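Here is the structure we will look at, set down as structure tokens.
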Amino acid sequence: MKALTWQHTRDVSVEEVPDPRILEPTDAVIRVTSAAICGSDIHLYDLFGPFLGKGDVLGHETMGIVEEVGSAVTRVHVGDRIVVPFVIACGHCFMCERGLTTQCETTQQRDSGTGAALYGYTKLYGEVPGGQAERLRVPFVDFNAIPTGPDLPDVRYLFLSDILPTAWQAVQYADVPEGGTLAVLGLGPVGQFASRIGKHLGHRVIGVDPVPERRAMAERHGVEVMDLTDDVLERLRGATDGRGPDAVVDAVGSEAHGNPVASVAQTAAGLLPDPIAQKLMTTVGVDRLEAMHLGFDAVRRGGTVSLSGVYVGTADPTPFMSLFDKQVTIRMGQCNVQRWIDDLLPLVEDPADPLGTEDLVTHEVPLDRAPELYRTFRDKADGCIKVVLKP
């Protein structure tokens, strides 16, 4: 089959790879009908090379048609149309029963000290072949599959795999008070959905992003927007009675705008020999922290900062004196996708499309064009906000 594979830092290509097959009786194999490029994939493209192997299949936002099931599968059948959460969880361990599927004790990566296995996401998370491919093996399919109806387009359902529940969790973690103001830093795909979810839940939402196309998209959904200028902190406070927003969602992570020093550090880490780079990246701060620090500065005293953007350094400087003094609550983590599906599926299937799932994709292309679109998405070129690949 064809699949998008990692070759080297900033070098991905579509190659012929072996077809997936049933390895465990709880597996299924699907024919992929849609797969998306995620902002987290750009971290792999730019930074995570030391934890990837040449030929690793990328992608973790996937849906398709079930072609084969293992002997122990009872809930899912050949011919079913399903979305696949990016988190691979068993559904019955201590953590899964508490809704913490990203900490699944069955697929947890104890050798690397990380959480549950993820599709297409490095040796740190199991090096499981991803879904930017013609086919995908789905472990524990009875628990992980999200069944869909037959009629609505893929784009209505596809984002249940990651970015829609990620945005939902980010807003839930932000704990915005009734009548409160939520600031969303970064209006990429997760930020777009977080902003729309905030509006859907009745909050005032202010979105911050340096890219005009992203601000324009958010405005279409009733979000107040601000450019990322040098005085954005003062403007956020000025728009909220001088206090700052009640809650902030950081939907940017380590790909923050600016900071050329951190950019050089990230690039250098990606070019070092793997053992040295792995040690560096797991012991040193290599993140660009502008978005997180802006969130800490902007949020009002007693407010909450919700981190949904991905950070990778373990020694990133954090202003604990200020956070302690302001009594700021911080919540964060990979999204426990399966926990939020019951909340989100009715919204996705609502004829009114209240979260605007059909107004996010700017580029839909064949799988063969994936390498080109990785570059386009990374560079925020050609108005690119969200890419869907069609194998």
Side-chain angles (χ1 to χ4, degrees), residues 1-4 14 20 28-41 57-69 76-88 119-120 129-138 141 144-168 188-190 192-193 196-197 217 221 335 337-338 340-370 372-374 376-377 384-391:
M1 70 171 184
K2 290 183 178 179
L4 191 280
V14 176
V29 172
I30 69 167
R31 174 176 57 82
V32 176
T33 57
S34 293
I37 300 176
C38 181
S40 298
D41 292 325
V57 178
L58 304 183
H60 58 268
E61 297 184 19
T62 312
M63 67 178 295
I65 306 299
V66 177
E67 289 195 330
E68 186 180 2
V69 297
V76 173
H77 305 91
V78 172
D80 286 355
R81 183 188 187 206
I82 66 170
V83 179
V84 181
F86 77 95
V87 180
I88 303 171
Y119 292 100
Q132 290 169 3
E134 292 181 321
R135 287 175 175 77
L136 176 70
R137 170 181 167 255
V138 182
V141 68
N144 290 301
I146 303 168
T148 77
D151 299 325
L152 292 173
D154 277 12
V155 73
R156 278 290 190 108
Y157 293 107
L158 175 61
F159 306 127
L160 291 170
S161 60
D162 179 358
I163 60 171
L164 189 52
T166 292
W168 185 271
V190 170
Q192 294 289 338
F193 276 142
R196 299 172 197 184
I197 289 164
M217 178 178 278
H221 295 270
C335 179
V337 173
Q338 294 88 340
W340 307 113
I341 296 306
D342 287 347
D343 296 310
L344 288 168
L345 193 56
L347 297 175
V348 164
E349 294 186 325
D350 186 328
D353 192 16
L355 301 183
T357 57
E358 295 192 40
D359 182 28
L360 185 72
V361 176
T362 53
H363 294 69
E364 183 176 296
V365 300
L367 178 63
D368 287 343
R369 290 185 61 193
E372 169 195 346
L373 269 296
Y374 261 71
T376 301
F377 185 31
C384 186
I385 295 175
K386 189 62 175 178
V387 180
V388 172
L389 307 173
K390 305 296 285 190

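Bear in mind the structure is a predicted one, so any value in this text is a computation, not a measurement. Start at 1 with the first residue, then count along the sequence. Every heavy atom of this structure was used, including side-chain atoms; hydrogens, water molecules and symmetry mates were not.
- Looking at residues two or more places apart in sequence or on another chain, you find a salt bridge (charged side-chain N to carboxylate O under 4.0 Å, His left out) between D154 and R81, K390.
- Just one residue in the list V76, T62, I65 forms a side chain to side chain contact (heavy atoms under 4.5 Å, CB included) with I30, and that residue is T62.
- P165 has its side chain within reach of L344: a pair of non-hydrogen atoms, C-beta onward, lies under 4.5 Å apart.
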The test is side-chain contact (heavy atoms from CB on, under 4.5 Å); show your working for L347 and W168 and say whether it passes. CA-CA 12 Å; L347 297 175; W168 185 271; 3.8 Å; yes
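- Taking every heavy atom of both residues into account, A3 and A133 meet most closely at CB-CB, 3.6 Å.
- Of all heavy-atom pairs between G149 and E349, the closest is N-OE2, 3.9 Å.
- Atom OG1 of residue T357 and atom OH of residue Y157 lie 9.5 Å apart, to the nearest 0.5 angstrom.
- Atom NE2 of residue H60 and atom CG of residue D162 lie 4.0 Å apart, to the nearest 0.5 angstrom.
- Put simply, the side chain of V69 does not reach to within 4.5 Å of the side chain of H77, judged on heavy atoms.
- Taking every heavy atom of both residues into account, P129 and L136 meet most closely at O-CD1, 3.5 Å.
- A distance-only check finds a donor-acceptor pair linking the side chain of T362 to the backbone of I385 [under 3.5 Å].
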Using the rule given for side-chain contact (heavy atoms from CB on, under 4.5 Å), can you reason through W340 versus L160, listing the C-alpha separation, both sets of side-chain angles and the distance that settles it, and then say yes or no? CA-CA 9 Å; W340 307 113; L160 291 170; over 6 Å; no
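- Looking only at side-chain heavy atoms (C-beta outward), L355 and V348 stay at 4.5 Å or farther from each other.
- Within the 4.5 Å cutoff, side-chain heavy atoms of M217 are placed close to those of L360.
- A distance of 11.0 Å separates CG in L345 from CG in D350, rounded to the nearest 0.5 Å.
- Taking 4.0 Å as the cut-off between side-chain N and carboxylate O, R135 and E68 do not count as a salt-bridged pair.
- With hydrogens and angles ignored, the 3.5 Å screen pairs a side-chain donor or acceptor of Q338 with a backbone N or O of V87.
- Between the OG atom of S40 and the CG atom of L58 there is a distance of 12.0 Å, given to the nearest 0.5 Å.
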D41/F377 under side-chain contact (heavy atoms from CB on, under 4.5 Å): CA gap, chis, key distance, verdict: CA-CA 10 Å; D41 292 325; F377 185 31; over 6 Å; no
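- Between D343 and P346, the shortest heavy-atom distance links the atoms O-CD, 3.7 Å.
- Using modelled atom types, no side-chain atom of E364 and backbone atom of L389 make a donor-acceptor pair closer than 3.5 Å.
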For S161 and V83, run side-chain contact (heavy atoms from CB on, under 4.5 Å): C-alpha distance rounded to whole Å, both residues' side-chain angles, the deciding distance at 0.1 Å, then the answer. CA-CA 6 Å; S161 60; V83 179; 3.8 Å; yes
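- Taking 4.5 Å as the limit, every side-chain heavy atom of L158 sits out of range of all side-chain heavy atoms of T33.
- No donor-acceptor pair closer than 3.5 Å links the side chain of D80 to the backbone N or O of I82.
- The residue from V361, V190, T166 that alone fulfils the side chain to side chain contact (heavy atoms under 4.5 Å, CB included) condition with F159 is V361.
- The minimum heavy-atom distance linking K386 with C38 is given by the pair NZ-CA, 3.9 Å.
- When every heavy atom of R137 is checked against every heavy atom of Y119, the shortest pair comes out as O-CE2, 3.5 Å.
- Scanning for salt bridge (charged side-chain N to carboxylate O under 4.0 Å, His left out) contacts around D353 gives R156, with sequence neighbours left out.
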